[in-house]
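Note that these values count all heavy atoms, side chains included, but never hydrogens, waters or copies made by symmetry. For the single chain, residues carry numbers from 1 onward in sequence order.
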Amino acid sequence: METLIMVGQLLLGLSILVGVHEWGHMVAAKAFGMRVEKFSIGFPPKIWGKQIGETEYSIGAIPLGGFVKITGMIDESLDTKSMSAEPEPYEFRAKPAWQRLIVMMGGIIVNVVTGIIIFIGLALANGEAYLPQEKLNEHGIVAYDLGEQLGFKTGDKVLAINGQSYERFSDLLSPDLLLGSDNYYTVLRDGNEVRVEMPNDFIDKFADKNNRINVITPRWKYSVGKVIAGSNADKAGLEAGDRILSVNGVETIYFDQLSKALDSFKTEQVTLKIEREGKIVEKNADVDSDGTIGFQPKDELDYVIRDFSFGEALSEGTYNAFAVVWLNIKGFKKMFAGDVDVRKSLSGPIKIATFFGGTWDWNNFWRIVGLLSMVLAFMNFLPIPALDGGHVVFLTWEIVTGRKPSDRFLENAQKVGMVILLSLMAFVIINDTISLF
């Protein structure tokens, strides 16, 4: 069921993004009097179609893209039969270069606008919750395997990033930091300041989905939340609000201490020292084979909750949208510098589906769609023939020099671009498949 939900979200997200992208091209073309023959979400074979006026609207069976076919334009269909005749007034090639440029930019512009609107909507609807530095450093961090490899230790209090103060816990592993170079942390450990270096290739390890929660987290005190009916915690008599002070004499005031202690007593019976309404009581509980006893912990982290006004959401959402583009640029720089493995950095449809997750969460869905909308705009702007960016390069050349590239050159460039895109698509799909195993 989880797989079906992931696939469903992927198909809906791609359909929205491809639909608005191709709509941007079509609207611009029609605005300048160009004939749009086809508008398709998905690639052939066609599974549905309807002719409305001069345009056939259709849905293709391969939901990995889409296209608009504009009369008189050399596109991915490579239909050049009519190109030898004199251009009709409604053809793409008959229009001024500046109009053709706007048509080719139409999809990119609409994707950018869509991404901005989504991020503004998320900011307005959800506001922001974050753990500020001063609250984080009341108890410090928990260092997991990857965090320990970096040089962190549980209990460290992070004072600065690259010598500068920071605002919130999420700044410690922000995408901007991960994609940077020569980064370091200053931490307070046992009363001494210690420098923790981040290797430039650290993002390679972090990119592994199994490691993303295996670096550092805030350290937090806890109490017993909901006790699962029929669980070992229920049988032992634990109640909501209880504080487990120790397990078999091992201190467990922090939740990471409790997890570690229970993990070391799997399938055994343990003695719990509990604080309940100011009194100390002891309870015996059996530990399950997975190192749990059956309750949901309630954390005592003091998050800051911030709601945005419309004006603030406008600013925050726009900033977050364009931050995606900037991070993509930094990511490409890292790849070309050899600091990151291309196989871990490029995602195809299979890996993108896992980003949505196996449960339908509308906030997460729109966050991923907004991110993908900005990524799609960025990727389409790359100067590769067959992408919008390739057409933009040729049209800009024509505007600047006054010389239009020949139809034969454009046709051959389109073929080269298609080979590049198909090769890239094959690479990411094969890479995604390999990563599953």
Side-chain angles (χ1 to χ4, degrees), residues 115 119 122-123 128-189 193-219 301 303-304 306 315-347 351 355 367-368 370-372 374-375 378:
F119 278 109
L122 289 173
E128 182 183 28
Y130 65 92
L131 187 66
Q133 178 185 0
E134 60 270 19
K135 296 298 182 182
L136 170 68
N137 284 338
E138 286 181 2
H139 305 293
I141 55 100
V142 177
Y144 296 101
D145 291 343
L146 205 54
E148 290 178 346
Q149 289 179 36
L150 268 178
F152 286 113
K153 289 188 177 181
T154 295
D156 283 350
K157 297 180 179 181
V158 185
L159 304 178
I161 303 172
N162 296 332
Q164 303 294 321
S165 182
Y166 62 97
E167 185 178 0
R168 59 196 71 190
F169 168 72
S170 58
D171 294 337
L172 300 183
L173 291 172
S174 68
D176 196 51
L177 188 70
L178 291 168
L179 289 168
S181 300
D182 304 321
N183 296 307
Y184 68 93
Y185 304 92
T186 304
V187 305
L188 184 66
R189 180 183 301 161
E193 289 191 7
V194 178
R195 181 174 168 130
V196 175
E197 307 274 355
M198 177 186 282
N200 290 341
D201 63 351
F202 179 71
I203 192 172
D204 261 357
K205 297 178 181 179
F206 187 80
D208 187 330
K209 65 180 180 181
N210 297 318
N211 285 335
R212 289 175 191 166
I213 56 173
N214 202 26
V215 188
I216 58 174
T217 62
R219 200 175 203 195
L301 292 171
Y303 284 92
V304 171
R306 178 187 176 193
S315 173
E316 184 76 8
T318 302
Y319 173 83
N320 290 338
F322 280 104
V324 175
V325 177
W326 173 241
L327 292 174
N328 271 272
I329 293 172
K330 295 188 74 172
F332 269 83
K333 182 180 177 181
K334 275 267 189 183
M335 281 192 287
F336 287 124
D339 288 335
V340 298
D341 189 336
V342 175
R343 293 170 297 177
K344 295 180 180 180
S345 302
L346 295 179
S347 300
K351 194 175 290 186
F355 297 159
R367 182 179 65 83
I368 299 298
L371 185 149
L372 290 177
M374 298 304 294
V375 170
F378 171 76

* Structure fact -> What one should report as the nearest heavy-atom pair of G147 and A143 is C-CB, 4.4 Å

* For R219 and L301, which heavy atoms make the closest approach, and how far apart are they? -> O-CD2, 4.0 Å

* Would you indicate whether the side-chain heavy atoms of L177 and L172 approach each other to under 4.5 Å? => no

* Structure fact -> CZ (F322) and CZ (F378) are apart, to the nearest 0.5 Å, by 13.0 Å

* Structure fact -> Heavy-atom closest pair (L327 atom, P175 atom, distance to 0.1 Å) is CD1-CB, 3.4 Å

* Asked: Given the rule in the side chain to side chain contact (heavy atoms under 4.5 Å, CB included) test, do L371 and F355 qualify, once you have shown the distances and angles that lead to the verdict?
  -> CA-CA 11 Å; L371 185 149; F355 297 159; over 6 Å; no

* Of all residues at least two apart in sequence or in a different chain, which pass the side-chain hydrogen bond (donor to acceptor under 3.5 Å, both in side chains) check with R195? -> E197

* Structure fact -> E316 meets the side-chain hydrogen bond (donor to acceptor under 3.5 Å, both in side chains) criterion, sequence neighbours left out, with none

* Asked: Which pairs, with at least one residue in residues 145-189 and sequence neighbours excluded, count as a ring pair (Phe, Tyr, Trp, His ring centres under 6.0 Å)?
  -> F152-Y185

* Results of side-chain contact (heavy atoms from CB on, under 4.5 Å) for P199 - residues two or more places apart only -> L150, D201, F202

* Who are the side-chain hydrogen bond (donor to acceptor under 3.5 Å, both in side chains) partners of N183, not counting sequence neighbours? -> N162

* Asked: Can you name the closest pair of heavy atoms from P218 and V142 and give their distance?
  -> O-CG2, 4.1 Å

* Atom pair NE2 (H139) and OG1 (T154), whose distance is rounded to the nearest 0.5 Å -> 14.5 Å

* **Pairwise distance CG(L173) to OG1(T217) - rounded to 0.5 angstrom** => 10.5 Å

* Which residues pass the salt bridge (charged side-chain N to carboxylate O under 4.0 Å, His left out) test with E148, sequence neighbours left out? -> none

* So with a 6.0 Å cut-off around OH of Y130, is the heavy-atom count from everything else above 12? -> yes

* For S170, enumerate each residue passing the side-chain contact (heavy atoms from CB on, under 4.5 Å) test, keeping only those at least two apart in sequence or located in another chain. => R168

* Structure fact -> Residues at least two apart in sequence or cross-chain that pass side-chain contact (heavy atoms from CB on, under 4.5 Å) with S315, listed by chain then number, are none

* To do: Check whether more than 12 heavy atoms from other residues, nucleotides or ligands sit under 6.0 Å from atom CD of E134, and answer yes or no.
  => yes

* Looking only at non-hydrogen atoms, find the nearest pair between Y303 and L131 and report the distance. => CD2-N, 3.6 Å

* Backbone N/O of L159 and side chain of Q133: donor-acceptor pair under 3.5 Å -> yes

* **Within residues 179-188 or reaching into it, pairs that qualify as salt bridge (charged side-chain N to carboxylate O under 4.0 Å, His left out) - sequence neighbours excluded** => none

* **Which residues share a side-chain contact (heavy atoms from CB on, under 4.5 Å) with R189, sequence neighbours left out** => K153, D156, V187, V194, V196

* With sequence neighbours left out, what residues match R367 under salt bridge (charged side-chain N to carboxylate O under 4.0 Å, His left out)? -> none

* Closest non-hydrogen atom pair between S165 and A160, with its separation -> N-CB, 4.5 Å

* **Stepwise side chain to side chain contact (heavy atoms under 4.5 Å, CB included) check, E128 with V304** => CA-CA 8 Å; E128 182 183 28; V304 171; over 6 Å; no

